[in-house]
Every structure is written in structure tokens, then in C-alpha cells.
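One structure is given here, and the rest of the page talks about it.
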Number of protein chains: 2
Amino acid sequence: MIFRLNPSSGIPLYLQLMEQVKHSVETGALREGDQLPTIRRLAEDLVMNPNTVVRAYRELEHEGVVKLKHGSGAFIKESASGRARLIHKAQTVIQSTVERLLSLGLTEDELRRAFENELAQTRSSRRSKALTEGKP
Amino acid sequence: MIFRLNPSSGIPLYLQLMEQVKHSVETGALREGDQLPTIRRLAEDLVMNPNTVVRAYRELEHEGVVKLKHGSGAFIKESASGRARLIHKAQTVIQSTVERLLSLGLTEDELRRAFENELAQTRSSRRSKALTEGKP
DNA sequence: CAACGTGTACTAGTCTATCGACACACTATG
DNA sequence: CATAGTGTGTCGATAGACTAGTACACGTTG
């Protein structure tokens with residue numbers, strides 16, 4: 001449950017914190033129902049403003065990873081572990097694909113771009129498919 | 001050779017322009033040696049500042065897609081088509097992987113995150129591998 | 001029911017990315 | 001060799017993201 005952030009990495013602190021929480025859930029270090037550190041407590045430990053921790057926690061709540069309870073604290077949501085396992089499986093598939101494409105000679109940036117293009121492409125086709133099937 | 005940008009999409013104009021140029025190369029609409037529109041001409045057509053076109057062109061040059069010739073114009077680089085074909089092949093592989101993972105129930109954001117994680121992971125292992133093999 | 005600990009809300013400062021205005025330097029062309 | 005058309009460079013304005021400071025509201029606990 002020790003989070004370590006890098007203030008000079010260029011990556012926003014609240015994003016780094018979100019990453020670490022998600023990662024802890026995926027590795028099982030944090031389980032359903034576990035309480036996260038208090039906002040103030042964590043802010044003090046990491047030497048940053050409580051609002052930055054709030055930002056991270058609130059976005060994690062928005063993503064369905066944690067549940068904030070006014071007056072009590074922040075807790076790992078029920079469904080979080082299941083999704084974590086799903087994502088962990090996906091990681092294997094992604095790994096082999098990425099390795100294959102990199103070995104073909106693609107640069108990391110080219111790979112990222114092709115991936116984003118594919119998401120955009122698939123997104124629009126999913127939309128039209130949902131429409132024809134009557135699932136808005 | 002008609003580029004169409006969306007000023008209110010939240011995506012920077014110079015990035016949108018870069019995308020369109022790259023896409024044109026990948027589809028074959030732009031071939032090796034072809035001249036791109038003049039900076040001022042394109043800026044006028046797209047109703048934006050010449051500097052924004054410059055930004056796009058310069059980054060494309062940095063990526064090896066185009067070659068800027070002082071006094072003459074901007075041209076598609078020699079090696080660009082070859083890379084475009086490579087990327088086009090990669091797109092097929094990526095497509096099947098993305099579709100498979102989406103059908104497993106992953107959200108787009110989860111997929112994106114897992115992908116970025118994989119890149120970071122692979123990046124660090126590539127680094128250490130290069131070191132042990134003496135290829136800095 | 002009081003007091004402490006929790007998350008919440010509002011406001012403001014700072015920094016960076018993006019885009020724009022304008023003057024400079026090179027090159028083809030007649 | 002002049003001129004028009006090309007890319008190059010410098011500077012500034014603006015908007016948005018990120019972080020911080022401070023006061024408020026709810027809930028648990030004795």
C-alpha cells in the first residue's frame with residue numbers, strides 16, 4: 001500500500017496516483033472492500049495538496065474502481081477485482097500482439113497511432129451497428 | 001488532396017492535419033515525391049494561421065514522412081510509401097486483436113490503458129535487452 | 001449530542017500547449 | 001539579376017490543465 005510518485009516525470013500527479021491504485025487492484029494488493037488511505041493522510045505522505053488526491057479518487061470513482069463514502073473514507077468497489085482479472089487476461093493477448101508488431105519493425109509511435117486509429121474506426125462501426133440493432 | 005479539419009473537436013489543428021497527411025500517404029492518395037500544398041496556400045484554404053501548418057509540416061518532417069525544401073516546397077519523402085504499406089499490414093493485425101478484446105467486454109478506455117502499459121513494459125525490457133547485447 | 005475525522009466545494013495561482021502576427025532567408029524562374 | 005513564391009524564425013496572446021489554499025458538510029463514535 002505504499003505509493004511512490006515522481007513529481008518531475010511530466011505525468012500529472014493525480015494520473016500517477018490513479019495508475020498505482022489500479023495496478024494495486026490488478027495485482028491483488030488491494031481487494032474488494034479494502035479501505036484506501038485517507039485523503040489528508042495520503043496527501044501528507046506524498047507531500048502534495050489534498051485536492052490532488054481528491055482529483056485522483058474522484059476520477060477513480062467515475063471509472064468504477066473505488067467508492068467514496070462521505071464521512072467514512074474511500075473503498076475499493078465490489079466489481080473492481082473481477083474487472084481487474086479480465087484486464088489481466090487481456091494484457092497477455094496485447095503483449096503478444098505488440099511484440100509481434102514491434103518485431104516487424106514498427107516504431108512505438110507508429111504502433112500507438114495505428115492502435116488509436118483502430119479504436120476510432122471500431123468505435124464508429126460499433127455505433128452504426130448498435131443503431132441498426134436498436135440498441136442506442 | 002482535400003483536407004477537412006474540425007476546429008471544435010478538442011484535438012489540436014496541427015495534429016489533425018498531420019493525421020490527414022499520413023492517412024493520405026497510407027491510402028496512396030499521396031505518393032513519394034508528390035508536392036504538398038504550400039504553407040500559405042493550405043493555411044488560407046483551411047482558414048488558419050500559416051504557423052499552424054508549419055507546425056504540422058515540421059513534425060511530419062521529424063517523423064520522416066515529408067521533406068521540406070527551403071524555397072521550393074514540401075514533398076513526400078522517398079521512404080514514406082514503404083512504411084505506409086508496413087503500417088497498413090499492421091492495421092489488420094491490430095484490428096482483429098482489438099475486436100477480440102472488445103468482444104470480451106473491455107471498455108475502450110481499459111483497452112487503451114492496457115495497451116499503454118504494455119508499451120511501457122516492453123520499452124523497459126527492450127532497453128535492458130539492448131544493454132546486455134551491447135547495443136545502446 | 002458533541003467532537004473529531006472524513007469527503008466536498010469554491011477560489012485562485014502557475015505553467016504549458018496551442019495558435020496567431022510579422023519580419024527574415026532561400027530558390028526557382030523569366 | 002530582379003522578383004515572386006517558398007520555407008524559417010521570433011515574439012506574444014490566449015486558453016486550458018494542473019496544483020494549491022481555505023472553508024464547508026456529512027457520519028461515525030464515544
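Numbers restart at 1 for each chain; the letters A, B, ... are given by sequence-line order, proteins then strands. Just so you know, these numbers come straight off a predicted model, no measurement behind them.
Proximity of a side-chain donor or acceptor of A:Gln16 to a complementary backbone N or O of A:Asn6 within less than 3.5 Å is detected. Within the 3.5 Å criterion, the main-chain N or O of B:His23 finds a donor-acceptor partner in the side chain of B:Thr27.
A 6.0 Å sphere centred on CD of B:Glu61 holds more than 12 heavy atoms belonging to other residues, nucleotides or ligands.
Whole-Å rounding puts the A:Ile11 CD1 to D:dT19 P distance at 11 Å. Atom pair B:Leu46:CG and C:dT18:P shows a separation of 18 Å (rounding to whole Å applied). Taking atom CG on B:Leu42 and atom P on C:dC19, their separation rounds to 14 Å, with Å as the unit. To the nearest angstrom, P of C:dT18 lies 12 Å from CD of B:Gln16. We find that CG of A:Leu17 is positioned 10 Å from P of D:dT19, with the value rounded to whole Å. Regarding A:Phe75, its CZ atom lies at a distance of 13 Å from the P atom of D:dG27, rounded to whole Å. The separation between B:Met48 atom CE and D:dT14 atom C1' is 18 Å, rounded to whole Å. Going from atom CG of B:Leu60 over to atom C1' of D:dG7 covers 15 Å, rounded to whole Å.
A:Glu118 and A:Thr122 share a side-chain donor-acceptor pair at under 3.5 Å.
Taking CD1 from B:Ile76 and OG from B:Ser81, the interatomic distance works out to 8.0 Å, rounded to the nearest 0.5 Å.
Evaluation of the side chain to side chain donor-acceptor pair (under 3.5 Å) test over residues 31-40 of chain A, restricted to residues two or more places apart or in two chains, returns none.
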Taking protein heavy atoms under 4.0 Å as touching, what does nucleotides 5-17 of chain C look like 5' to 3' if B marks base contact, S marks sugar-phosphate-only contact and - marks none? BBBBBB-------

